[in-house]
Amino acid sequence: MRFGIIGTGFISDWFVDACRVAGGTPVAICSRDADRGREFATRHGLGQVVTTPEALAGLDEVEAIYLASPIASHHDQAVIALSAGKHVLGEKTLTTSPDRARALFDLAARQQRVLLEAIRPTHDPAYRPIREAVGRLGTLRHAHFEKCQYSSRYPGFLRGERPNALDPASGNSALRDLGVYCLHPALELFGSPSRFTGTTYRLENGFEAGGTTVLDYGTFSVTCAYSKVARSVAPSVIEGEAGSLTIDSLAEPADVRLIGLDGSVEPVLSGPPRQPAESLRYEIEEFLRLCAAGEVDHPYRTNSLIAEQIITGVSLPATPAWQALR
């Protein structure tokens with residue numbers, strides 16, 4: 001499948017390499033800055049450079065479009081791509097509200113095109129042994145999932161700079177950028193919670209810099225801690241009545257251990273730390289499979305919609321009380 005890419009950031013660099021490994025073919029880049037687009041195309045050997053999403057969607061050789069632009073742009077760009085008959089793989093988060101997410105999936109269904117939110121852990125084969133190990137923990141009681149990553153742009157912000165990465169106008173937030181790496185694994189492993197709540201803290205410009213989301217499953221709960229102005233030093237953990245499971249990185253699990261009630265330690269995964277680019281190929285492989293099979297009504301839509309409802313509810317300026325999922 002031949003891909004057009006919107007955005008020239010580092011994730012697009014990763015995508016080009018991972019796409020080729022997964023069996024896809026990147027052929028075009030879209031950048032508002034033509035010079036930047038040409039530089040990207042030259043670096044990666046792409047044949048087409050355009051400056052608007054409309055021009056990209058109009059290229060006959062492009063079969064699918066990868067959205068690596070700011071979140072606030074995703075909805076309109078996805079509409080353009082889907083309306084032109086292109087499949088769409090959109091970086092997280094897919095859009096900025098539950099209603100917009102539903103509208104995009106409805107449009108994809110009408111156009112008979114695949115729309116998939118790019119959530120790396122969802123498709124990472126490392127989660128297969130994790131899922132099996134969770135089944136050995138007995139009755140689950142609590143999980144603490146954590147993704148706190150100190151932004152390289154934060155020191156500049158403290159000096160008075162206003163980078164896009166910490167600008168609420170971009171549609172981004174710590175929950176959308178990092179908290180999803182806690183939220184989506186929880187939804188994949190445990191299903192939809194009955195209720196959720198959350199607290200957030202913000203920078204002086206209103207950017208949501210971090211917080212905690214709590215998912216209520218009735219007999220157990222999951223806390224999701226995330227931040228762009230602090231760094232995690234402890235693993236995530238899932239606790240059951242028969243033991244606990246520690247996970248070094250929810251986004252790129254490499255060191256996972258099953259700890260028994262007697263203190264015994266059993267390796268579930270044992271390897272060196274993994275880089276984000278390493279697992280990008282798996283979401284592309286699944287996207288290609290969905291497109292080849294014509295699976296427009298795929299199951300991943302459900303968690304994307306649930307996650308968007310939780311993110312929107314927690315990220316509102318006023319902290320919500322416990323909310324039930326609609």
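Contact check on R136 versus E266 returns a salt bridge, with a Lys/Arg side-chain nitrogen under 4.0 Å from an Asp/Glu carboxylate oxygen. Under the 4.0 Å criterion applied to side-chain N and carboxylate O atoms, R281 and D17 are not assigned as salt-bridge partners. Residues R43 and D13 are paired through a salt bridge, judged by an N-O separation under 4.0 Å between the basic side chain and the carboxylate. We find that E132 and R128 are not joined by a salt bridge, their nearest charged nitrogen and carboxylate oxygen being 4.0 Å or further apart. Note on R289 versus E286: salt bridge recorded, some NZ/NE/NH1/NH2 to OD/OE distance being below 4.0 Å. Between D177 and K228, at least one side-chain N (NZ, or NE/NH1/NH2) sits under 4.0 Å from a carboxylate O, which counts as a salt bridge.
Judged purely by atom type and a 3.5 angstrom limit, E91 has no side-chain atom pairing as donor or acceptor with the backbone of L67. Side-chain atoms of T95 never come within 3.5 Å of backbone atoms of A101 as a donor-acceptor pair (strictly under, hydrogens ignored). S12 contributes a side-chain N or O that, together with a main-chain N or O of G7, makes up a donor-acceptor pair within less than 3.5 Å. At least one donor-acceptor pair closer than 3.5 Å links the side chain of D248 to the backbone N or O of A254. Distance alone, capped at 3.5 Å, is enough to place a donor-acceptor pair between the R113 side chain and the G85 backbone. At least one donor-acceptor pair under 3.5 Å links the side chain of S31 to the backbone N or O of D33.
The side-chain heavy atoms of C182 and K147, taken from C-beta on, include a pair separated by under 4.5 Å. Here the side chains of C224 and V222 are in contact, with some heavy-atom distance below 4.5 Å. Counting heavy atoms from C-beta on, the side chains of V314 and Q323 never come closer than 4.5 Å. Looking only at side-chain heavy atoms (C-beta outward), T200 and L175 stay at 4.5 Å or farther from each other. Between R176 and I71 there is a side-chain heavy-atom pair separated by less than 4.5 Å.
Atom CG of residue L189 and atom CG of residue L140 lie 9.5 Å apart, to the nearest 0.5 angstrom. Note that the CG atom of L258 and the CG atom of L137 stand 6.0 Å from one another [nearest 0.5 Å]. Here the CZ atom belonging to R301 is positioned 12.0 Å from the CG atom belonging to L104, to the nearest 0.5 angstrom. One distance of note links CD1 of I310 with CG of L305; it measures 11.5 Å at 0.5 Å rounding. The distance from atom CG of L166 to atom CG of L158, rounded to the nearest 0.5 Å, is 9.0 Å. Put simply, SG on C19 and CD1 on I284 are 5.0 Å apart, with the number rounded to the nearest 0.5 Å.
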Audit row: E239, S244, side chain to side chain donor-acceptor pair (under 3.5 Å) steps and yes/no: CA-CA 4 Å; E239 300 166 351; S244 298; 5.2 Å; no

Evaluate the side chain to side chain donor-acceptor pair (under 3.5 Å) criterion for residues S264 and D262: first the C-alpha distance (whole Å), next the side-chain angles of each, then the deciding distance (0.1 Å), finally the verdict. CA-CA 6 Å; S264 60; D262 60 356; 2.7 Å; yes

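In this structure, P299 has no side-chain contact (heavy atoms from CB on, under 4.5 Å) partners at least two apart in sequence or on a different chain. Under the side-chain contact (heavy atoms from CB on, under 4.5 Å) criterion, I80 pairs with P53, E54, A57, not counting sequence neighbours. Not a single ring-ring contact (aromatic ring centres under 6.0 Å, His included) links F145 to another residue, sequence neighbours left out. Taking Y201 as the reference, nothing meets the ring-ring contact (aromatic ring centres under 6.0 Å, His included) condition, with sequence neighbours excluded. Under the side-chain contact (heavy atoms from CB on, under 4.5 Å) criterion, T139 pairs with R141, E241, sequence neighbours left out. By the side-chain contact (heavy atoms from CB on, under 4.5 Å) test, Q275 is found to be paired with E278, residues two or more places apart in sequence or in another chain being considered.
A donor and an acceptor atom, one from each side chain of Q77 and S69, are located under 3.5 Å apart. Between the side chains of Y226 and E208, a donor-acceptor pair is found at a separation under 3.5 Å. Side-chain N/O atoms of S236 and E146 include no donor and acceptor closer than 3.5 Å.
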Could you give the side-chain donor-acceptor pairs of residues 114-125 under 3.5 Å, partners two or more places apart or in another chain?
from: E117; atom 1: OE1; to: S304; atom 2: OG; distance (Å): 2.6
from: E117; atom 1: OE2; to: L94; atom 2: N; distance (Å): 3.2
from: R120; atom 1: NH1; to: E252; atom 2: OE2; distance (Å): 2.9
from: R120; atom 1: NH1; to: S279; atom 2: OG; distance (Å): 3.0
from: R120; atom 1: NH2; to: Y181; atom 2: OH; distance (Å): 3.1
from: R120; atom 1: NH2; to: E252; atom 2: OE2; distance (Å): 3.1
from: D124; atom 1: OD1; to: A126; atom 2: N; distance (Å): 2.9
from: D124; atom 1: OD1; to: R274; atom 2: NH2; distance (Å): 3.4
from: D124; atom 1: OD2; to: R274; atom 2: NH1; distance (Å): 2.9
from: D124; atom 1: OD2; to: R274; atom 2: NH2; distance (Å): 3.1

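With a 6.0 Å radius and a threshold of 12 heavy atoms from other residues, nucleotides or ligands, R36 has its CZ atom at or below the threshold. A 6.0 Å sphere centred on CZ of R32 holds no more than 12 heavy atoms belonging to other residues, nucleotides or ligands. More than 12 heavy atoms of other residues, nucleotides or ligands shown are found within 6.0 angstrom of CZ on R20.
In the hydrophobic clustering (ILVMFWY side chains linked at under 4.5 Å, chained through shared members), V233 stands by itself. Through chains of ILVMFWY side-chain contacts below 4.5 Å, I259 is grouped with V265.
Listed by first then second residue, pairs satisfying ring-ring contact (aromatic ring centres under 6.0 Å, His included) with a partner in residues 19-61 read F40-H44, not counting sequence neighbours. Pairs of residues two or more places apart, or lying in two chains, that qualify as ring-ring contact (aromatic ring centres under 6.0 Å, His included) and include a residue from residues 62-102 are F15-Y66. Counting only residues at least two apart or on different chains, the ring-ring contact (aromatic ring centres under 6.0 Å, His included) pairs with a member in residues 234-287 are F3-F287.
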